Amino acid sequence: MSTFDETDLARIDVATALFAAWSSGDLDAPRQFLTDEPVLVDSIGGEKQGWETIRAYFAHGLERYPDLVLEPTGEFWARPDGLALLWRMSATVHDDSMGPGHIGKKWVVEGLSYLVFDGLKVAYEADYHDGGARQRSLES
């Protein structure tokens with residue numbers, strides 16, 4: 001069992017709020033939790049530098065999946081510079097891009113993120129998930 005100090009607990013609160021912001025459907029909601037020059041690295045989408053680039057990437061995702069939810073599972077690990085956390089991402093298929101018969105179905109993917117903090121703002125977020133997991137979750 002991990003023990004967290006005051007800074008770790010504050011960062012867990014920020015991470016939880018950041019993931020709620022990613023899940024809010026509001027393109028600008030995550031901004032308040034990020035530094036002035038944040039970096040987002042997605043194992044599928046690549047590296048995005050700066051808020052405007054991250055926002056555009058996020059907008060593309062919300063356009064495709066307007067009910068996108070990124071929810072921490074409650075498992076966190078702390079380091080002096082940040083946190084790692086497990087999460088579950090889900091959304092509903094709204095078009096035929098996932099194949100015939102999947103419109104209206106919800107996919108679910110699990111992943112892991114590593115967040116590097118500057119104070120209580122996230123400077124770097126690296127998200128790791130399996131690119132084929134969405135499709136597999138629809139077929140199981």
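One-based numbering along the sequence shown. Computed from a predicted structure; not experimentally measured.
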Check: Phe117 and Asp81 side chains under 4.5 Å, non-hydrogen atoms: no

Heavy-atom check, side chain of Thr73 versus side chain of Glu110, under 4.5 Å: no

Side-chain touch Leu34/Leu18, heavy atoms, less than 4.5 angstrom: yes

Other residues, nucleotides, ligands: >12 heavy atoms within 6.0 Å of Glu6 CD: no

Spacing of Trp51 atom CH2 and Phe58 atom CZ [to the nearest 0.5 Å]: 7.0 Å

Candidate list Val39, Asp42, Thr53, test side chain to side chain contact (heavy atoms under 4.5 Å, CB included), partner Glu47, passing option: Val39

Test item: Lys48 and Arg55 side chains (from C-beta on) under 4.5 Å apart, heavy atoms: no

Asp36 CG: over 12 foreign heavy atoms closer than 6.0 Å: no

Pairwise side-chain contact, Arg11 with Phe76, heavy-atom cut-off 4.5 Å (strictly under): no

Whether Trp87 and Phe19 hold their rings parallel, tilted or perpendicular, with breakpoints at 30° and 60°: tilted

Side chain to side chain, Leu62 and Leu68, heavy atoms closer than 4.5 Å: yes

Interatomic spacing from CZ in Arg31 to CD1 in Ile54 - rounded to 0.5 Å: 8.5 Å

